[in-house]
Asks: 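Below is one structure. I have some questions about it.
Protein chains get the first letters and strands the later ones, always in sequence-line order, with residue 1 at the start of each.
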Amino acid sequence: MLRTHTCGELDHKQIGKEVTLCGWVDSYRDHGGGLFVDLRDRYGITQVVFNPPDTSSQVIEESKLLRAEYVLQVTGRVAERPAGMANPKLATGEIELRVTRLILLNKSLTPVVSPNANSQDIPNEELRLEYRFLDLRRPTMQRTLFLRDRIVKEMRDYFAEHGFIDVETPVLGRSTPEGARDYLVPSRVSPGSFYALPQSPQLYKQILMVAGYDRYVQVARCFRDEDLRADRQPEFTQLDLEMSFVDAEDVIHVIDGLVARLARQELGLDVKLPLPQLTYDEAMERYGHDAPDLRFGLELVDCTDLAARSDFRVFSSVAAGGGRVRAINAKRGTEHYSRRGIDALTDYVGQFGAKGLAWFRVEQDGTLNSTIAKNFSADLLQEFAARLHAEPGDLLLFVADQWKVTCKALHALRTKLGAEMKLYDPQSMHFSWVVEFPMFDYDEEEQRWVAMHHPFTSPRDQDLKLLEADPARCRAKAYDLVINGYEAGGGTIRIHDPHIQQKVFSLLGIDEKVAEERFGFLLRALSYGAPPHGGIALGIDRVVMLFGGMDNIRDCIAFPKTQRATDMMTGAPSLVELKQLRELGIKVVVD
RNA sequence: GGCGCGGUAGCUCAAUUGGUUAGAGUCCCGGACUGUCGAUCCGGUGGUUGCGGGUUCGAGUCCCGUCCGCGUCGCCA
């Protein structure tokens, strides 16, 4: 070892001892006669002092050449700092190292991304990603990666204790056109054929259940070739698990326990179990979204029946046309939003397809005031007021449109209002479940039913007869874990009966031949004594992001990709040698 | 693919309505200093304002195109 201690562990107990430290120059302060260096490593910072008489004049001269991020090995005696010179900001602030020997292990160019930058001086993300090796030296980044390490370790311990076996599944698999776009890998041995990187280990874990492993878990890398977002990367990590002889509540119960343990360990929070559950229908009705942020209220209120009775054409025609008129009461919203502010909200909901935003201010006498008020009788306005529990100072905001549009627009509006009106503590955490998702969604473009989750999801027992009778009303044994308005994980109970599986396939327009071609192995497996089974996958990156109070997923991934799915540090993806392409039988066509 | 924000010294930022030689802090270089911890003080170097075109007497600023980053819609079973 090149060192006897780390930069984070020395305190008064080592006073008088000779020690050797290694680390990076975090900062230096040159006083002419002597010089101070804050030496940094993963464990902390220790002040090392180059001062006479402890340090020879020759070593002091050498120390004058030190610069930021130089790598040092220093030997000396641990000393108590002079009276009044302790630094309470440092864990090692009581002591310092009086250097007798200095070895420069390596120099550094002037760092482009400074590891000790103040929060307002952090370089832009482009540079941080290009110089990720410097960015990752920043204590904030190190704290995050350690948090991630603890969370993953905690998960592994938890599932090991609960009898789960960790099994690795292939990364080179078969492409299944359903779902997200696949990342493809050409096969050299089978020219013209391609592997697909897994969007999730879904089919393999079901096979493991058929094989009798009973409880499977894996920290699995997954790949989806879709556009990126603040909370979406093309490759990401799932805590993936599957259980046999269980129903939805059993899986939920296991995850409840994990969430409570993580919250206790990492946040010091006592989460009350069981976590609250909301059905999908309820979530859409009350919040307009399947992953609502439950840290604040502002629930959506349906007013279609009242709207139908108004003379306001926008309202009455939407109501008559099968659409919905729904509203949010922004409590005391008139304090936050002027006419101009409301105009901005109107523009905002426009992004989500809403053609407008009708509004009323609630006056001191309780009457509703708006440019559109003349279209409503006083009695009807009072009914609106009562429906929305309107009080003086409130701002009532309405979207009238097709159901889907009202959901999207009002969900976005609710989220914006919650943040802008500071209705919740950004540090707080809320965990819940959304359950009983629809089995199917109708794809207007392709004129067919598509699986809401995936085609192996089991319908609820009581909805089996709806499979063919009324697919839209058929609900699934599906459940999503929701944290602060983010989908942190999702799972389902699977179909273990090949006949039901066939029915679902045919509803999705997957005929027998195609089913056999794509999923033949799964159907065959289901025919050989498949146990009832189900599971879930948690998005580890998102969980870390939320537990760490971050607002983007890149900050909790060591080497993330940019919005264009490139790696700023390595330059991936890149062109390859012609020879490589020839071996693979691939010709690149550039438009 | 659409919409929006951003790109100015190595780094973080400023620059009035389009108007003098594009500034500040930090870093870097040189000097001073025996206790600092955002050290301090003195001096200095450092600019293709992302790139290309246009309008104008004059462009960091306005227009068009383009590249890069971020946010978002579509997309993400």
Side-chain angles (χ1 to χ4, degrees), chain A residues 26-39 45-55 60 64 67-69 79 81-90 92-93 96 98 109-131 134 176-182 199-200 202-203 222-234 236 347-353 408-409 412 415-416 437-441 443 445 449-457 476 478 487 490 492 504 508 510 539 551-552 554 561-564 566 568:
Chain A
D26 193 65
S27 64
Y28 58 96
R29 296 171 289 281
D30 187 348
H31 283 255
L35 180 146
F36 300 87
V37 166
D38 283 347
L39 196 66
I45 285 178
T46 300
Q47 171 164 284
V48 302
V49 185
F50 300 83
N51 263 352
D54 304 82
T55 315
I60 289 177
K64 303 263 175 212
R67 293 295 178 272
E69 301 307 310
R81 292 200 188 184
M85 295 295 160
N87 183 351
K89 287 187 222 161
L90 288 182
T92 61
E96 61 194 15
R98 306 248 167 100
L109 297 176
T110 302
V112 175
V113 174
S114 178
N116 69 357
N118 300 323
S119 54
Q120 72 271 18
D121 290 333
I122 294 173
N124 70 56
E125 193 166 3
E126 218 169 329
L127 275 177
R128 289 176 50 208
L129 292 174
E130 185 178 348
Y131 291 89
L134 294 176
T176 52
E178 289 269 329
R181 199 175 292 114
D182 282 324
Q199 296 178 24
S200 78
Q202 184 60 37
L203 300 178
C222 304
F223 306 85
R224 292 177 193 177
D225 186 5
E226 297 292 349
D227 285 348
L228 284 77
R229 288 288 184 279
D231 63 347
R232 258 164 41 190
Q233 281 274 305
F236 59 101
D347 289 345
Y348 182 67
V349 295
Q351 287 180 51
F352 304 92
K408 282 184 185 171
T415 306
K416 189 180 177 68
F437 281 71
M439 280 288 285
F440 309 104
D441 199 17
D443 187 327
E445 233 171 81
W449 293 102
V450 293
M452 188 110 170
H453 196 79
H454 59 58
F456 318 108
T457 301
E487 178 195 331
T492 64
V504 170
L508 295 173
I510 303 172
D551 57 7
N552 87 71
R554 294 182 300 280
K561 304 239 178 336
T562 66
Q563 202 165 66
R564 283 184 60 251
T566 63
M568 295 287 288

Asks: Counting only distance, no hydrogens or angles, is the base of B:rC76 paired donor-acceptor with the side chain of A:R232 under 3.5 Å?
Replies: yes

Asks: Looking at A:Y131, I want to see if its OH is surrounded by more than 12 non-hydrogen atoms of other residues, nucleotides or ligands under 6.0 Å.
Replies: no

Asks: Under the 3.5 Å rule, do the base of B:rG74 and the side chain of A:D227 count as making a donor-acceptor pair?
Replies: yes

Asks: Of all the choices, B:rC76, B:rC11, B:rG74, which nucleotide is nearest to the side chain of A:R229 once you look at every atom?
Replies: B:rG74

Asks: Pick the nucleotide of RNA chain B nearest each of A:T562 and A:Q351; which residue has the one closer to the 5' end?
Replies: A:T562

Asks: Treat primed atoms plus P, OP1 and OP2 as sugar-phosphate and everything else as base, then score nucleotides 32-38 of chain B 5' to 3': B for base contact with protein heavy atoms under 4.0 Å, S for sugar-phosphate contact only, - for none.
Replies: -BSBBBS

Asks: Nearest-Å distance, CD (A:E125) to C1' (B:rG71)?
Replies: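 Rounding to the nearest Å, CD of A:E125 and C1' of B:rG71 are 11 Å apart.
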
Asks: If the C1' atom of B:rG18 is compared with that of B:rC37, how far apart are they to the nearest Å?
Replies: 47 Å

Asks: With a non-hydrogen cut-off below 4.0 angstrom, is A:I122 in contact with a base, only sugar-phosphate, or nothing?
Replies: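 Sugar-phosphate, no base atom in range.
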
Asks: Could you check whether the rings of A:Y348 and A:F352 sit parallel, tilted or perpendicular, using 30° and 60° as the cut-offs?
Replies: perpendicular

Asks: Roughly how many Å apart are B:rG71 and B:rC62, using the C1' atom of each and rounding to a whole number?
Replies: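 Looking at atom C1' only, B:rC62 and B:rG71 are 26 Å apart.
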
Asks: Assuming nearest nucleotide by heavy-atom distance, tell me which of A:P111 and A:D551 is located more 5' along RNA chain B.
Replies: A:P111

Asks: According to a strict under-4.0 Å criterion, is A:K408 in side-chain N/O contact with OP1 or OP2 of B:rU72?
Replies: no

Asks: Can any side-chain N or O of A:K64 pair as donor or acceptor with the backbone N or O of A:G32 at less than 3.5 Å?
Replies: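 Checking the backbone N and O of A:G32 against the side chain of A:K64, a donor-acceptor pair under 3.5 Å is found.
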
Asks: Answer yes or no: is there a side-chain heavy-atom contact under 4.5 Å between A:V48 and A:F50?
Replies: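 In contact.
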
Asks: How many Å lie between CE on A:M568 and C1' on B:rC70, as a whole number?
Replies: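 Whole-Å distance recorded here is 12 Å.
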
Asks: With rounding to whole Å, what would you report as the distance between B:rG50 and B:rG10 at their P atoms?
Replies: 13 Å

Asks: What is the nucleic acid contact for A:F236, judged by heavy atoms within less than 4.0 Å: base, sugar-phosphate only, or nothing?
Replies: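 Touches nothing.
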
Asks: In whole Å, I'd like the distance from the CZ atom of A:F352 to the P atom of B:rG4.
Replies: 15 Å

Asks: Between B:rA9 and B:rC70, how far apart are the two C1' atoms, rounded to whole Å?
Replies: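 Going atom to atom, C1' in each nucleotide, I get 24 Å.
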
Asks: Is there a donor on the side chain of A:R554 or the base of B:rG69 sitting less than 3.5 Å from an acceptor on the other?
Replies: no

Asks: Would you call A:R29 and A:Q47 a side-chain contact if the rule is heavy atoms closer than 4.5 Å?
Replies: yes

Asks: With rounding to whole Å, what would you report as the distance between B:rA15 and B:rU56 at their P atoms?
Replies: 28 Å

Asks: So do A:L129 and A:T562 actually touch side chain to side chain, heavy atoms under 4.5 Å?
Replies: yes

Asks: Could you work out the separation of B:rU49 and B:rG44 based on their P atoms and round it to a whole Å?
Replies: 24 Å

Asks: Answer yes or no: is there an ion pair linking A:D227 with A:R232, defined by an N-O contact shorter than 4.0 Å?
Replies: no

Asks: Within the 4.0 Å heavy-atom criterion, would you say A:V450 contacts the bases, only the backbone, or no part of the nucleic acid?
Replies: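 A:V450: no heavy atom of the nucleic acid under 4.0 Å.
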
Asks: From the list B:rC75, B:rC11, B:rU72, which nucleotide is the closest neighbour of the side chain of A:L127?
Replies: B:rC11

Asks: Please report the distance, rounded to the nearest Å, between CG in A:L228 and P in B:rG1.
Replies: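 From A:L228 CG to B:rG1 P: 15 Å.
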
Asks: Phosphate oxygens OP1/OP2 of B:rC28: is one of them under 4.0 Å from a side-chain N or O of A:Y28?
Replies: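 For A:Y28, the contact criterion (side-chain N or O under 4.0 Å from OP1 or OP2 of B:rC28) is met.
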
Asks: Pairing check on B:rG52: which nucleotide meets the Watson-Crick or G-U wobble criteria with it, both distances under 3.5 Å?
Replies: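 Paired with B:rG52, as far as the under-3.5 Å criterion goes, is B:rC64.
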
Asks: Just checking A:S200: base, sugar-phosphate only, or nothing, at a heavy-atom cut-off of under 4.0 Å?
Replies: base

Asks: Answer yes or no: is there an ion pair linking A:E69 with A:R67, defined by an N-O contact shorter than 4.0 Å?
Replies: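 Judged by the 4.0 Å cut-off on N to carboxylate O distance, A:E69 and A:R67 do not form a salt bridge.
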
Asks: Under 4.0 Å between any heavy atoms, over every strand shown, what does A:R67 touch: base, sugar-phosphate, or nothing? Just pick one.
Replies: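 Sugar-phosphate: the residue A:R67, judged by heavy atoms under 4.0 Å, touches backbone atoms but no base.
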
Asks: With a 3.5 Å limit on both atom pairs, tell me what B:rG4 is paired to, counting Watson-Crick and G-U wobble, or say none.
Replies: B:rC70

Asks: Just the rounded figure in Å: distance from P of B:rG71 to CD of A:E126.
Replies: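 Distance check: A:E126 CD to B:rG71 P gives 12 Å.
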
Asks: Quote, to the nearest angstrom, the C1' distance that separates B:rC11 from B:rG38.
Replies: 16 Å

Asks: Output the rounded distance in Å from CZ (A:R564) to C1' (B:rG69).
Replies: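 One finds 10 Å between C1' of B:rG69 and CZ of A:R564, rounded.
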
Asks: Between B:rC76 atom C1' and A:R224 atom CZ, what is the distance in whole Å?
Replies: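 To the nearest whole Å, that distance equals 7 Å.
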
Asks: Over how many whole Å does the gap from A:Q563 atom CD to B:rG6 atom C1' extend?
Replies: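 A:Q563 atom CD is separated from B:rG6 atom C1' by 13 Å.
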
Asks: List for me each residue that meets side chain to side chain contact (heavy atoms under 4.5 Å, CB included) alongside A:T415, sequence neighbours excluded, and say none if there are none.
Replies: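 With neighbours one apart ignored, the set is A:H411.
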
Asks: What integer number of Å spans the C1' atoms of B:rG58 and B:rU17?
Replies: 14 Å

Asks: Assign A:S114 to base, sugar-phosphate, or nothing according to its heavy-atom contacts below 4.0 angstrom with the strands shown.
Replies: nothing

Asks: Got a second to check how far A:Q563's CD is from A:E125's CD, nearest 0.5 Å?
Replies: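 These two atoms lie 10.0 Å from each other.
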
